[in-house]
Structures are given as structure tokens and as C-alpha cells.
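I have placed the structure first, in the form of C-alpha cells, so that the comments after it can refer back to it.
Each chain gets a letter, A, B and so on, in the order the sequences are listed, and its residues count up from 1. These values consider heavy atoms only, across backbone and side chains, with no hydrogens, waters or symmetry-generated copies.
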4 protein chains.
Amino acid sequence: MGGVDGDAGSGGEAYSRGRIDKRQAIVRAAFDVFARDGYAQASVDAIAAAAGVAKPTIYNHFGAKENLFRVVMADVGRRATAATLEVLGAFPAEPDDLRAELTQLGRRLTTCFADPVSTSLRRLLHAEIVRFPDLLDEVRAGAATPVIDALAGPLARLATAGHLQLSDPIRASNQFIALIGDELPALTALGTRPAPPEQIDAVVTAGVDTFLRAFGTADNSPALGDPDPHAATTSHPT
Amino acid sequence: MGGVDGDAGSGGEAYSRGRIDKRQAIVRAAFDVFARDGYAQASVDAIAAAAGVAKPTIYNHFGAKENLFRVVMADVGRRATAATLEVLGAFPAEPDDLRAELTQLGRRLTTCFADPVSTSLRRLLHAEIVRFPDLLDEVRAGAATPVIDALAGPLARLATAGHLQLSDPIRASNQFIALIGDELPALTALGTRPAPPEQIDAVVTAGVDTFLRAFGTADNSPALGDPDPHAATTSHPT
Amino acid sequence: MGGVDGDAGSGGEAYSRGRIDKRQAIVRAAFDVFARDGYAQASVDAIAAAAGVAKPTIYNHFGAKENLFRVVMADVGRRATAATLEVLGAFPAEPDDLRAELTQLGRRLTTCFADPVSTSLRRLLHAEIVRFPDLLDEVRAGAATPVIDALAGPLARLATAGHLQLSDPIRASNQFIALIGDELPALTALGTRPAPPEQIDAVVTAGVDTFLRAFGTADNSPALGDPDPHAATTSHPT
Amino acid sequence: MGGVDGDAGSGGEAYSRGRIDKRQAIVRAAFDVFARDGYAQASVDAIAAAAGVAKPTIYNHFGAKENLFRVVMADVGRRATAATLEVLGAFPAEPDDLRAELTQLGRRLTTCFADPVSTSLRRLLHAEIVRFPDLLDEVRAGAATPVIDALAGPLARLATAGHLQLSDPIRASNQFIALIGDELPALTALGTRPAPPEQIDAVVTAGVDTFLRAFGTADNSPALGDPDPHAATTSHPT
DNA sequence: TATGAATGAGTCTTCATTCAT
DNA sequence: TATGAATGAAGACTCATTCAT
């Protein structure tokens, strides 16, 4: 829903309008069904029905269920990454209030991570990594790594500007993501339940606080004790 | 329910013995097959073959595939948690060198998290959470929450003793786990590939360092810049 | 229908009565369906229905349609050969009236060759030789060659006894078969229509006459011109 | 009906030319595919691909697969018959050396019968006779019967001229064909393997010898025992 | 309890055929 | 006429589950 798809680029030659529409419809429907039922349990029949096409049309376009799955995953991976990168792109170069900006960034990122598309993608990836070992690279090439890198840039800039004290921006980027996002799976039941926003907020706030305690400078300080005691009990990854 | 624990050793050779050992053999074999093929694709035939029993025997014991799956997941969850709690139990009450002890703890925990049993469990959980929503609670009741709690205890004690400066031990516990473990899925291809130990070590060391920068006191300080520059490239969760 | 099957031998170990019965039923039914529809068009569903079993039972027994086909063909080949060999075995060692005996042999052989089982087998063999190149050897090992050999023996004996004048019994055996049987496919529409017995008789009589004109001795002579002029128009191989 | 003949050359490269050549291309390609895969297994897709046309083009021309098959079979039947009749037409009216001429005729006929086009035609006929009972008449009308007749003419003339001693030329014609050709299927694996020319030669020589022993006169006699002992083992029809 | 055998339901895939251009 | 695209029907094969022993 991030409005990412304009670039197309996946197609090949000059399809007729109708054809490309059906292809799109199939891919969208397939993702829904895969997300709901899992790869193995998702029947091509169900996908065809959901897409409003006849079953052979799917085979005309994708050849086999496996292939369709790969296309769907790559497509969704691209969309999820694009949404996340958009969020990161909005991070200001010269933040007035670093704590506030980082907190807002964290909120937005967790929203991305908790998005149904993202969580379904993650679930399918976990579920099918054994059957499709190469899928991870395909999807991640356009998913996780770029995100880390895209955050490392601003962090490095902030360090150079004296607003942060860190020597390895990539590592810090990973740690920021970890601090604000690691509890998400537990909070959202692996993405199947919407988490109470206050709980997510609490995690993000606490994560940013810890991050700044570790890497902040005099600029961004208060940090008087822990910023707040809204407990929002949590648990570990699953 | 037959009391599966302690010995760990996920192996899969010497099944069969007295009488209820047959039930054991089925559960062990079933986990292997589920881990390899996923729930839907795992055929009861394959499980029976792997367990060295006839198919109806499985139905005599468990009634239905779904049931068997629940038993298996609960069993494995229990085993995984037990191993992790054992590691946490070994954390000394009065550590001489806090940084060193936390680092060792981190190493041991990542070893637990990267264990084939743990990662398979996590994959299956992600894969089947939609079909078995209650599974999460069942497994987590005996998995994640206790782990976080078991780590919060010592942290609180350390805070009381003045070795750490933190107000919410549960949160800190979660953050410690996040800092040392969040990159694991990326490093191990969701648990399908063994990660180079140096890379894991680097992540753990950096995680502990950040943790101490945020929560440490004069006791445990060096923190001279970043502890080390062994890059160990990383990426984000998936 | 020649009553050949007692020897079994195809089975393997100790099947229960019911199992072997079902297996037999499947093989019989499969042959009927294959003969009617051809290999490709014969649906396993149809075979299952004809055999009165469920489809998976067929797969339990034979694993795959292809396998079932091979078993069926081997089975039918065996039966057809056995029937033919029985006919040949009945040929008297010391025939009183050689012409009469050869004619009777010819009639019986043509009956064998025109038998529905034989003709269906032949049709299926022709139809599927490209897809199953090895089938020919399997079936023929127990079909054509032994028949030629079984006829060559008596012919050689007759030659030794001075009743025939020939030097290559195998060749003569082939030629006898050719003379009495080569027109059968044309007369029976490749085995799909019963040929008028008089026509077959005429072919056999003429074939035996030619055979004796070529290889006979004074013993068996009349051969006054052609034995009869009942034209029975014929045609060549198809 | 487009007038297919003479040039033979079943090849399949240089299709395409003016306009109706597309129809030709389809027919040629269809035969190749039918011959390879059988009627049922030959997909219209494969035929279209082999012919270099789009699938609907086939339907524009022939309406249905069944129809295409009939056209192809009639076409091939015509070509095969034409080739055989050409051989028979070359038989001299007044042979100098009857044995030699018959032998040469036999060789040429067996070459015709063993031709890939002929054997494929025969296989398809056997395979589909049940589904297309009328096909036999269609194809044979222009195939077998004329051949027998075309041979019966010269034989009758030879009898009249005193070079042969026979009263039923049609029957003799059939028997000649049987004697030289009946072993072909066995020797060529139903036309799927090229038979060693020596073996075919041996069969033809022996067949002609037997034919002349039965119907020859003093003219063509030697027939000293069997003409040669090059064993060339053989077997019976399939 | 343990098993060999059997089955109804469902899955992926292919095919002959048609429509709109 | 020629074709890209779409489809209803059907086929091989698998699976979770149940009898009868």
C-alpha cells in the first residue's frame, strides 16, 4: 500500500494491456493466498479463483506454481523494501531534535516491519527457506541489506557532524534496527495480530533511549534515568 | 506428554527400545520430517518410515497429523527452552569481569538460538502460525518469555549491586537479546547455514559493548572507542 | 482364454488372498481398457472402475501407470505365447497324413493369432513401441521366438525322417508361419473384426499347399494344381 | 487433396513458401509428431511448433485434431503406396533371369516396407484402429490392395508365359509378399531399428527360393538345396 | 498396540478448443 | 487467413485417514 509499483521493469516485451492486467491480478491474488495458506497448502485453484482467471491462465503466465511463488516473493520483497527505503529517505540530514527524529523514524520503521505485506513475506520466507534456499538471496538482495545501508549513511553523517559517537555505522545501523524492532514478532504474534500502538511506542522509545545512551553526545542528552516507566511487558523473538 | 527433556541431543539414530519408546521415536522422526518438509508437505508416510513404524501406529498414538504436530512442537519448544535456561542459569551471581561474562553469555545464547532445533522450531512456527494460531502461546509459554525473565533477574541484581545502571530490567533483558541475536537470522540464512563463528563473535562483542555503553557504570568501562574493527559485515532481519 | 495362468510365478512373496485377487483383477481390467483405448487414452480412473478397486490401490500395487502397462503386457505376452506353444506341442511326432496335420496346425495357429488377446497385444505393441522400446524384447522373449523354435523342431524331425526336404528349419518355420498367417491382419482388420472362417481356411490351405510344393516329398503330394479356387480375396500387410 | 507425391523425402526442414504451403507444413509436421508420440499424446501445440505456425492456424485449416489426423494418414498412405507401386511398375514384363528379378523386386519391396514413413504409418494404424475403424479402409484403399493387385498382374503374365506354374495369381502375390516381408517387423523392431541389410537379403533370397520351388518351372531351377547358409537368425511376427 | 491394504478427496498440470484482433 | 490469450474438462498421482486382522 506504499504506492510502489510504477517502475514495473519486471515484464519483458510489449504485452497487451489485458495481459499485463491479468498477470498483475494473478500475482496479487497469489500473494494473498500464499500468505493465508502457505506455499504448499495454497492451491492453484484458489489462486485462480481469487484472481478471477482460469487456472490454465496461470500456467500460461508462470509455467508452474513454484515459479509463480518466486515471482510473487520477489515482487513483494521489492515493494516492502521500497516502502522502507522511502521511510529512511525521509530522515532529515540535519535533525533539530535527534531524539525526536530517531523516535519518529523508529515508529515509521516498525510500522513498515509490522505491515501485513512485510510480515507475510517474512513468514513465507521462514516457511519455505528449506524448499527454496535461493529465495532468501533474491528477496534480501532487494530487502534487508539496502535498508541497513540506507540507515548507515545518515548515522555516519551524524557521527561526522559530532551528533553521534560511533565508529562502525553499519553495526550501529543493525543495532538500531534491532533495538526498535526485535520485539515486534513477539508483540504481533509473528505479524498475525496488530500490536497495541502504545506497546510499540514504548519499545521504540526505549530503544532510541538505549541507542542514544550508547552513542549520543551532549547534544541529545536528557536521558534522565529511563524516559518512562510504561512497562509494556515484552518477550523475546521466536 | 511423555516427559521429553534433559538429554537434548536432537540426533535421530538409535530409536526403539522398550515400549513407549515407539512414541518417542515417532515424535523425534516427526520433528525431523516437519523441519525438513514443512507441516503440509510432510507426509505421514515419510514420518512413519523415518520412525520405523507403520502408518496406523502413528494414528493409534496421536489420532491425527495435526495433533502429532502440536505434540512435536510443544516437545521441541520445551527442549529448546530448557537448553537456553541452562545457559542463563550458569550466569554468575557476582561476576568478576562483567564485560567478559556478558560476552560469554552472549556467545552461549547465540549458540542456542542458532541450534538446528531452535531454528527449525522458529521456521515451523512462522510457517504455521496462521493455521495454528494457538501454537505460539503453547510454545512460547515454555520458550521466549521465561528466557527474558530469566535474564532480567540477574540484570536487576547487577543494577541493585551498582554494576549496571538501568530501571527496567525486563526491557534491558529484551534489548540485550536483541543486540546480540537480532542479526542471527541474516547471518545463518534463517538457520539453514552455519554462520562463521568470527562473525557471530563480532556481533556479540559489539552488542555487549553497546549494552555496556548504555547501561554500564565505572566498573566496566574501557569502552575505548569501539572495541574492535573486525568488520563482519551484516545485514538486517528477514 | 486358453486357460493359461496357473504357473503364476509373477508374484513375489506371500500375499494375502485378497491382495493377489485385487492385483489380478487390476491386471485383467487394465488389459481390457488398454486394448480398447490405447495406453495414453486409457485413464487410470477407468481401469480402477473396471477392476472394481479404488485408484490408489492401483498405485499401491504398481506405482505408476507405465509400470502397470509393462506388467500387463508381459502378462498377456506370456499367456498368448503359452497358448501358441500348447498348439505346437500338440503336433504329432509321426503324422500319418502330413498335409492334413499341417493344415490343422495352421488352422489352430491362425486361431491363436486371431485371438482377441493376441491381436490386442499386437496392436498395443505397435502403438507403444516408440514410447516403450524395451517392451518388444520383454514380450517377444516370451512370445515370437519360442514359437518359431517350437515349430522348427518338428520340421527338422520331418526332414530327417525324409518327409520334408529342407536344410534350414528355422527359416522354414518362419516361412510356414508367414504363409498361413501373413494375411490375417488384412482379413481381420488388424484383429478388430472376426474374419470369415472360410477365408482363413482358404489361406491356410493354400499356404500349406505352397509349403508342401516347396518342401514336400513324394509322400505328401496330390497338390494337383491349386487345391481349390475359392478366391477369398486378400490383401497385403498393413 | 493438394496433390502430394513423387518427391517422397519425408524430411522436415524447408517448409514454408507461398500460401497453401502452410497447410503442407502442418501436415508434414503433424505426421512427424504423430509418428513420434502417437495420436493421443501428440499435442496440437507440438504440431504447431514443429510446423512453425500458431495453434489456431491448425484449427482454421483442419477444424479438429481428429480431422488433421485423418488427412495426415490419407496423405501418408498415398505416398507410401505410390512408392511401392513405382517399384512394382519397374518389374520387367519379360525377365531374363526370373530368380534374379524376383530377388531384386523383393529387395526393393522390403526397402519400401521398412521405410520410416511406411512403418510409422503401420504403427499409427495399429494404434488407432479401434478409435478410427474407418481409417483402415481409407488408407488401405490406396495402400495394400493395389499393391497385391499390381504384383498379381505380372505373376499371371509369367504363368501364362510358362515361367511360373500357378493358378491363383492373387494368392501367389500374397504369398510372395508374405515370404519376403513377413519377418520384417521382427527384424526391424517394428520399424524402429534399421535391420542389417544382410539379414533382410537372406530373408528375401530364401523367400524367393521357396517361392520358385513352389511355383517355378524348369526355366528357373537351380534350387540346389537351400541357396545359401547365411543363417541370419529370424523370428516371428509380432 | 501394531500393521498391510484400501480409499475419497484433492493437487498440479496439460490439452483441445475458442475468442478477439 | 493468422495469432496471442484464455479456458473447461480431464488425467496422473498423492495424501490423510480408516478397516480388518
Rounded distance (Å) that lies between atom [atom2] of [N] and atom [atom1] of [X]:
X	N	atom1	atom2	value
D:D21	F:dA2	CG	P	11 Å
D:N67	E:dA16	CG	C1'	14 Å
D:F62	E:dT18	CZ	C1'	18 Å
A:Y59	F:dG8	OH	C1'	15 Å
C:Q24	E:dA5	CD	P	15 Å

Charged N to carboxylate O under 4.0 angstrom, B:D32 versus B:R28? no

State plainly whether the residues B:R70 and B:D134 are in salt-bridge range, i.e. N to O under 4.0 Å. yes

Where do [X] and [Y] come nearest, in terms of heavy atoms and distance?
X	Y	answer
A:A51	A:I26	CB-CA, 3.8 Å
B:A30	B:V72	CB-CG2, 3.7 Å
C:V33	C:A42	CG1-CB, 3.7 Å

Short side-chain N/O contact to [N] OP1/OP2 from [X], under 4.0 Å:
X	N	value
A:K22	F:dT7	yes
B:H61	E:dA2	yes
D:T57	F:dT1	no

Which stems, defined as runs of 3 or more consecutive Watson-Crick or G-U wobble pairs with both pairing distances under 3.5 Å, involve DNA chain E? E:2-21 with F:2-21

I'd like to know if the side chain of A:T57 and the backbone of A:V53 have a donor-acceptor N/O pair within less than 3.5 Å. no

For the pair A:F132 and A:F69, name the ring-plane relationship: parallel under 30°, tilted 30 to 60°, perpendicular over 60°. tilted

Side-chain touch D:L68/D:I47, heavy atoms, less than 4.5 angstrom: yes

Result for 5'-nearest mapping on DNA chain F, choosing between B:K65 and A:I58, is A:I58

Given that A:V53 and B:A64 both sit by DNA chain F, which one's nearest nucleotide is further toward the 5' end? A:V53

When you measure only distances, ignoring hydrogens and angles, does the side chain of C:N60 come within 3.5 Å of the base of E:dA6 through a donor and an acceptor? yes

Should the side chain of D:K55 and the base of F:dT3 be counted as holding a donor-acceptor pair, with the cut-off at 3.5 Å? no

Interface residues of residues 30-50 of chain C with DNA chain E (non-hydrogen, below 4.0 angstrom): none

Give a yes/no verdict on a cation-pi contact between C:K65 and C:Y39, requiring under 6.0 Å between NZ or CZ and the six-membered ring centre and an angle within 45° of the axis. yes

